[in-house]
Chemist: 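Quick one: this structure, given as structure tokens, is what I'll be asking you about.
Proteins get letters first, then strands, A, B, ... in listed order; numbering begins at 1 in each.
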Protein chains: 2
Amino acid sequence: MYLFIFVPEFKQGDSMDSKKIEKISRAISDPSRIQILQQFRKKRECLHCSEIHDMLDLAQPSISHHLKQLVDADILLPEKEGRNLKYVLNKPVLDEYIAFLSSLQA
Amino acid sequence: MYLFIFVPEFKQGDSMDSKKIEKISRAISDPSRIQILQQFRKKRECLHCSEIHDMLDLAQPSISHHLKQLVDADILLPEKEGRNLKYVLNKPVLDEYIAFLSSLQA
DNA sequence: ATAATATATCGAAACATTTGAATGTTTAAA
DNA sequence: TTTAAACATTCAAATGTTTCGATATATTAT
């Protein structure tokens, strides 16, 4: 599969800066957060906070913490719906992260 | 700018398990280790331990520690050359990791 | 064998992350 | 406007990570 992606202000040598790569990697480096991300394979559009609470045997503040990591890393985009929250994958950022990884290889 | 990048197919059969995704992500989530990986964009083939020592202002045990993280995560493959060590990128594993990431998106 | 070089391991200090109880904030319904 | 539900923040304990000095191991040259 090939991806034809637009990368704003891509400069040869540094696509995403290292700090952002670090933050994204760290966000993905946790079992609960990986489980959250994997739900997007089943449920393509968005995830509601309550669904995440159902699937992760963790207290509410812990889930809030994990979602914050993913949002701060810009992998998930939060959307308010009244007093509920839903999240969508930030595909451009994921693509940039993938582009960084593939740029390491010849 | 546009990037036309190859994204390996994600197959249900040989998908990486979450533990491995976690380990790889954690290995990448450090500034020094990202710097090591970025050297593969310049120097395509392999990296010698001594070059890493030169570019990372860290004590030798710290560098040894970081390289261990990358090797344990299976991102780098160590090759002994007498009393020296060199490292090559494990491209199949990087591809699997990329495949996992792209499988999250529709 | 001995010395020198390259790398690994141990141990401890400093620092960061994860977790949940308690509590705060925001929004909507009654 | 009181109440309830959804989510965030604070704090502290437990745990994990990073760093380096000291030391160990392995390889090669003398």
Chemist: Rounding to an integer number of Å, can you tell me how far H53(A) NE2 sits from dC7(D) C1'?
Modeler: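 After rounding, the gap between these two atoms is 10 Å.
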Chemist: How long is the line joining CG of L85(B) and C1' of dT27(D), in whole Å?
Modeler: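 Value for this atom pair: 11 Å.
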Chemist: Can you give me the closest heavy-atom contact between I63(B) and H53(B), atom names plus distance?
Modeler: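 Where I63(B) meets H53(B) most closely, the heavy atoms are CD1-CA, 3.5 Å.
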Chemist: Tell me the closest heavy-atom pair linking I24(B) and M16(B), and the distance in Å.
Modeler: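 Between these two residues, the closest heavy atoms are CD1-CE, 3.3 Å.
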Chemist: Over how many whole Å does the gap from L67(B) atom CG to dT9(C) atom P extend?
Modeler: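 Rounded to the whole Å, the gap is 12 Å.
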Chemist: Rounded to whole angstrom units, what separation is found between the NE2 atom of H48(B) and the P atom of dT5(C)?
Modeler: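 Rounding to the nearest Å, NE2 of H48(B) and P of dT5(C) are 19 Å apart.
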Chemist: Is a salt bridge present between K20(B) and D74(B), judged by a nitrogen-to-oxygen distance below 4.0 Å?
Modeler: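 Salt bridge: yes.
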Chemist: Which parts of nucleotides 16-23 of chain C does protein reach within less than 4.0 Å, heavy atoms only, written one letter per nucleotide 5' to 3' as B for base, S for sugar-phosphate only and - for none?
Modeler: -SSBBBB-
Chemist: For the residue pair A73(A) and V93(A), what are the closest heavy atoms and their distance?
Modeler: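 Reported closest heavy-atom pair: O-CG1, 4.4 Å.
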Chemist: Side chain of R83(A) only, please: which of dT7(C), dA4(D), dC7(D) is the nearest?
Modeler: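 The answer is dA4(D).
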Chemist: Please name the pair of heavy atoms, one in I75(B) and one in A27(B), separated by the smallest distance, quoted to 0.1 Å.
Modeler: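 In this case the closest contact between I75(B) and A27(B) is CD1-CB, 4.0 Å.
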Chemist: I need the CG-P distance between N84(B) and dT5(C), as an integer number of Å.
Modeler: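 Going from CG in N84(B) over to P in dT5(C) covers 12 Å.
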Chemist: Roughly how many Å is it from NZ in K86(A) to P in dC7(D), rounded to a whole number?
Modeler: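 K86(A) atom NZ is separated from dC7(D) atom P by 13 Å.
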Chemist: Using whole Å, what does the distance between atom C1' of nucleotide dT7(C) and atom NZ of K80(B) come to?
Modeler: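 Distance check: K80(B) NZ to dT7(C) C1' gives 9 Å.
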Chemist: Please confirm whether the shortest side-chain N or O distance from S64(B) to OP1 or OP2 of dA8(C) is below 4.0 Å.
Modeler: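 Yes, S64(B) has a side-chain N/O under 4.0 Å of OP1/OP2 on dA8(C).
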Chemist: Rounded to whole angstrom units, what separation is found between the CG atom of D72(A) and the C1' atom of dA8(D)?
Modeler: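 About 12 Å, once rounded to whole Å.
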Chemist: Test side-chain contact (heavy atoms from CB on, under 4.5 Å) on L89(A) and L77(A); report intermediate values, then the result.
Modeler: CA-CA 6 Å; L89(A) 260 189; L77(A) 298 170; over 6 Å; no
